[in-house]
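Written out below as structure tokens is the structure these notes cover.
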Amino acid sequence: MRDKRKVRKAVFPVAGLGTRFLPATKAVPKEMLTVVDKPVIQYVVDEALEAGIEHLIFVTGRSKAVIEDYFDIQVELEQTLRDRNKQAELTLLDTILPTAGTTSFTRQQSPLGLGHAVWCARELVGDEPFAVLLPDMIMKGEKGCLKGMVELYAQSGGNVIAVEECAPDQAHKYGIVGVGDRIGDGFRITKMVEKPAKGTAPSNFFINGRYILQPEIFPILATQERGAGNEIQLTDGMLKLSEWQQFAAYHFRGTTYDCGAKDGFILANVAFALEREDIRALVEAPLKDLVGGL
Ligand code: UTP
């Protein structure tokens with residue numbers, strides 16, 4: 001069936017300005033800020049690879065060239081490591097290097113919004129379903145969020161959006177979905193509302209930054225008017241597509257760290273540091289002292 005074709009490609013929109021992380025983002029893309037010892041984007045790429053994604057498409061902008069360099073060989077560094085017989089470091093660099101020909105980069109010349117960034121990937125995606133992963137959201141769960149979505153998609157076909165629950169009084173801050181019949185680890189979506197007025201949200205399930213979309217979204221995004229924040233919004237495009245295509249929600253049960261925000265970024269660092277035995281031994285007691293001293 002056309003709407004159940006394998007999801008082979010993933011789009012990472014990395015062209016935003018990252019104003020919440022100024023002044024750091026004046027020179028360093030927020031996706032390259034490190035959580036423990038890996039850039040945020042590496043966690044998100046790993047999630048995509050775990051889900052069986054074969055081709056990574058980055059929509060970049062000005063001053064994001066360092067992301068492209070990160071996914072390439074660094075000849076001088078590697079030669080120096082070889083000269084110094086640093087085998088463990090060489091192996092580490094090798095494991096994160098994508099296979100040649102499986103990454104593509106395109107530019108969004110002006111940051112006109114997430115919907116516009118996704119549209120910029122249309123030629124590279126072509127006529128097939130694809131995933132979108134917001135590259136500043138790190139999802140921590142037993143199973144990768146996109147992997148769970150791909151499993152649901154095998155049942156539901158169509159479009160799949162990952163959702164999580166928020167406190168009902170916080171629903172006005174998010175894109176919220178209406179809950180229909182159960183399917184797999186999720187449910188059919190009955191409606192989508194971007195930032196509903198207080199007390200009007202159809203549920204407390206919010207869209208958390210992972211999508212599987214059919215290519216029919218592209219012509220919609222091509223003519224999409226600017227919406228909230230004067231940006232071309234992906235949610236507005238999905239709303240139109242949902243008039244004739246099915247949308248299902250995958251209920252992600254884990255923790256999401258919004259690393260584009262300072263609190264999420266700091267918490268991600270603490271959570272991933274505590275999970276690493278070598279680092280936990282170093283930071284656990286001082287962290288307890290810090291918190292206990294508050
Ligand atoms: P955000 O609104 O979270 O990112 O967009 P931002 O605009 O970079 O951050 P702030 O609010 O100024 O701090 C969600 C995702 O969409 C991408 C961003 O890079 C981010 O990963 N995006 C957003 C684009 O690629 N292009 C855009 O025009 C807007």
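All values below come from the heavy atoms of this structure, side chains included, with hydrogens, waters and symmetry mates left out. As the structure lists them, so they are numbered: ligands from 1, and atoms in each ligand from 1.
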* Asked: Judging by distance only, is a nitrogen or oxygen of F21 under 3.5 angstrom from one on ligand 1?
  -> no

* Based purely on interatomic distance, does P13 place a nitrogen or oxygen under 3.5 Å from a nitrogen or oxygen of ligand 1? -> yes

* Asked: With a 4.0 Å heavy-atom cut-off (strictly under), which part of P111 contacts ligand 1: side chain, backbone, both or neither?
  -> both

* With the 4.5 Å side-chain cut-off for hydrophobic clustering, are M32 and L134 part of the same group? -> yes

* Would you check whether V59 has a nitrogen or oxygen atom less than 3.5 angstrom from a nitrogen or oxygen atom of ligand 1? => no

* **Atoms of ligand 1, numbered as shown, that sit under 4.0 Å from any heavy atom of P135** => 21 (O)

* Given the rule that I, L, V, M, F, W and Y join up when any side-chain heavy atoms are under 4.5 Å apart, are M192 and V179 in one cluster? -> yes

* To do: Check each atom of ligand 1 against the heavy atoms of Q108 and keep those under 4.0 Å away; list them by number with element.
  => 24 (C), 25 (O), 26 (N), 27 (C), 28 (O)

* **Name of the residue among K6, K4, K9 meeting salt bridge (Lys or Arg N to Asp or Glu O under 4.0 Å) with E128** => K9

* Distance from atom 7 (O) of ligand 1 to nearest protein heavy atom, with residue and atom -> L17 N, 3.9 Å

* Structure fact -> Between S242 and L239 the two heavy atoms that sit nearest each other are OG-O, 2.6 Å

* Which atoms from ligand 1 have a heavy atom of G113 less than 4.0 Å away? -> 26 (N), 27 (C), 28 (O), 29 (C)

* Should L114 be listed as contacting ligand 1, given a heavy-atom distance under 4.0 Å as the test? -> yes

* Asked: Using heavy atoms and a threshold below 4.0 Å, how should the contact between H116 and ligand 1 be classified: side chain, backbone, both, or neither?
  -> neither

* **Identity and separation of the nearest protein heavy atom to atom 22 (N) of ligand 1** => G16 N, 3.7 Å

* Asked: Going by distance alone, is a donor N or O of one side chain under 3.5 Å from an acceptor N or O of the other, for Q233 and E194?
  -> no

* To do: Flag yes if L124 and F130 sit in one hydrophobic cluster, no otherwise; membership is Ile, Leu, Val, Met, Phe, Trp, Tyr, and two members link when side-chain heavy atoms are under 4.5 Å apart.
  => yes

* Distance from atom 25 (O) of ligand 1 to nearest protein heavy atom, with residue and atom -> A15 N, 2.9 Å

* Asked: Take atom NZ in K86; do more than 12 heavy atoms of anything else shown fall under 6.0 Å from it?
  -> no

* Sub-4.0 Å atoms of ligand 1 with respect to non-hydrogen atoms of A117 -> 24 (C), 25 (O), 26 (N)

* Asked: Just which atoms of ligand 1 are under 4.0 Å from any heavy atom in L112?
  -> 28 (O)

* Asked: Is at least one protein non-hydrogen atom found at under 4.0 angstrom from atom 5 (O) of ligand 1?
  -> no

* Does the N or O separation between E231 and ligand 1 drop below 3.5 Å for any pair? -> no

* Can you tell me the protein heavy atom closest to atom 8 (O) of ligand 1 and the distance? -> G18 N, 2.8 Å

* Structure fact -> atom 9 (O) of ligand 1 sits nearest the protein heavy atom K30 NZ, 3.2 Å

* Close N or O approach (L134, ligand 1; < 3.5 Å) -> no

* Asked: When you measure from the centre of the six-membered ring of F206, is the NZ or CZ of K173 under 6.0 Å away and within 45° of the axis?
  -> no

* Element-labelled atoms of ligand 1 that are located less than 4.0 Å from some non-hydrogen atom of E31 -> 19 (O)

* Just do the side-chain contact (heavy atoms from CB on, under 4.5 Å) check on L152 and D185 with the steps written out, would you? => CA-CA 7 Å; L152 175 61; D185 283 337; 5.8 Å; no

* Would you call the rings of F58 and F105 parallel, tilted or perpendicular, where under 30° means parallel and over 60° means perpendicular? -> parallel

* Determine whether more than 12 heavy atoms belonging to other residues, nucleotides or ligands lie under 6.0 Å from atom CG of D83. => yes

* Asked: Near R62 CZ, under 6.0 Å, is it more than 12 heavy atoms from other residues, nucleotides or ligands?
  -> no

* Asked: Identify the closest protein heavy atom to atom 12 (O) of ligand 1: which residue and atom is it, and at what distance?
  -> T19 OG1, 2.5 Å

* Verify the distance criterion only: is there a donor paired with an acceptor across the side chains of E151 and Y250 at less than 3.5 Å? => no

* **Closest approach of any protein heavy atom to atom 11 (O) of ligand 1, naming residue and atom** => R20 NE, 3.2 Å

